[in-house]
Amino acid sequence: MTFTAEQIAAYTGGTVEGDPQTQVTTFAKIEEGVPGAISFLANLKYEPYLYETKSSVVLVSRDFQPSQPVSATLVRVDNPYETVAKLLQMYDSMKQKREGISSLAFIDETATVGENCYIGPFVAIGEGAVIGDNVVLHPHVTIGKNAKVGSDTEIYSNAVVYHDCQVGQRCILHAGCVIGADGFGFAPTPDGYEKIPQIGIVRIEDDVEIGANTCVDRSTMGATVVHRGVKLDNLVQVAHNCEVGSHTVMSAQVGVAGSAKIGEWCMFGGQVGIAGHITVGDHTNVGAQSGITGGNLAAHGGATMMGSPAIDHRLWSRQMIAQKSLPELLKEVAALKKEIETLKNK
């Protein structure tokens, strides 16, 4: 697929600075640009690459002023990062979709498969399962008994959707993710731990993306729910009976303990831990490696938090600054104690 700078500007609402007929056929990072590629400059620390890139077209912000001559054609837009995402989505949507059912796939005779689906080799679809239209199931995917997968969803190799669980429309489940494994429920007895049956389900709503090797556990009763537009990175754990609000995002290795309720539009950095049975309000932002154990700050929403246990990020920053001074402060306290003892003796 070939596009001109003029066509790109028309599609993105941008303006061309240079040759409007410059053609591009691929994407490249600005520091790895090649002829025929389009790149973008969103972070000014990459500005030096603009003056040496081999890319034919570069997206820049409308108010950017180069300090040196630029050989590439520039397309000025409101937000280069958002614009390149939009172009990548368009590019991806234009790729030919795979269709057809492999002779090596197993589909139970009671299952229902929609139109224009791709079912790869060694896919297993259990009895009573329902697969919507335009679904793509890559090799070795397993869809359990009575599970449902919505239209236009893509599930990558070795992912598993357990029995009775539901996945919405336009979702992406990456390789190795597991939807609906048993929640971690055990009752202590004198002889050990007795397993508590997990008879609920997982319900994934529309437009959710779940990363590789991420697990969303089925509920003890009822449903573990991941609402519309949620994005979970790789190696995230969402425990039984949790609820994750719409458009919340979680980076790698976030862990959410059982029965936690997460609000809408929250953002969690890598390795954040969230205690069980607590509520996190809408629009809460939590920095990497923080631990949320409860409290009004998290529950009310709108907070930016850091630390373990997590506190307001401004207070946390002051504490970290003070912590650097602790060794010298201890020396000063020891010297003062010695001086006081000397004065007492006198």
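For the side-chain contact (heavy atoms from CB on, under 4.5 Å) criterion with Val141, the lone passing option out of Val123, Asn158, Ile119 is Val123.
Residues Met267 make up the rest of the hydrophobic cluster containing Val249, defined by ILVMFWY side-chain heavy atoms closer than 4.5 Å, directly or through other members. Met320 belongs to a hydrophobic cluster whose remaining members, ordered by chain and number, are Met306, Ile311, Leu315, Trp316; membership requires side-chain heavy atoms of ILVMFWY residues under 4.5 Å apart, directly or through intermediates. Through side-chain heavy atoms spaced under 4.5 Å, either directly or across other Ile, Leu, Val, Met, Phe, Trp or Tyr residues, Ile199 is tied to Met221. Clustering of Ile, Leu, Val, Met, Phe, Trp and Tyr by side-chain heavy atoms under 4.5 Å joins Val178 with Val160, Tyr162.
Listed by chain and residue number, nothing satisfies the ring-ring contact (aromatic ring centres under 6.0 Å, His included) test with Phe64 (two or more places apart in sequence, or in another chain). Annotation: salt bridge (Lys or Arg N to Asp or Glu O under 4.0 Å) contacts of Asp78 (sequence neighbours excluded): Arg62. Considering only residues two or more places apart in sequence or on other chains, Tyr91 meets the ring-ring contact (aromatic ring centres under 6.0 Å, His included) condition with Phe27.
For residues 247-266, every residue pair satisfying the side-chain hydrogen bond (donor to acceptor under 3.5 Å, both in side chains) rule, not counting sequence neighbours, is listed here: Gln253-Gln271. The salt bridge (charged side-chain N to carboxylate O under 4.0 Å, His left out) pairs that include a residue from residues 184-197 are Asp182-Lys195, where partners are two or more places apart or lie in different chains. Sequence neighbours left out, the pairs with a member in residues 225-253 that pass salt bridge (charged side-chain N to carboxylate O under 4.0 Å, His left out) are Asp207-Arg228. Identified under the salt bridge (charged side-chain N to carboxylate O under 4.0 Å, His left out) test for residues 10-20, with sequence neighbours left out: Glu17-Arg76. Pairs of residues two or more places apart, or lying in two chains, never qualify as salt bridge (charged side-chain N to carboxylate O under 4.0 Å, His left out) while including a residue from residues 130-150.
Shown here is Tyr46, whose OH atom has no more than 12 heavy atoms of other residues, nucleotides or ligands within 6.0 Å. For Gln68, the CD atom sits in a packed shell: over 12 heavy atoms of surrounding residues, nucleotides or ligands are nearer than 6.0 Å.
Between His138 and Tyr156, the ring planes lie parallel to each other; the angle is under 30°, not in the 30° to 60° tilted range.
Aromatic rings from Phe184 and Phe186 are positioned such that their centres are separated by under 6.0 Å.
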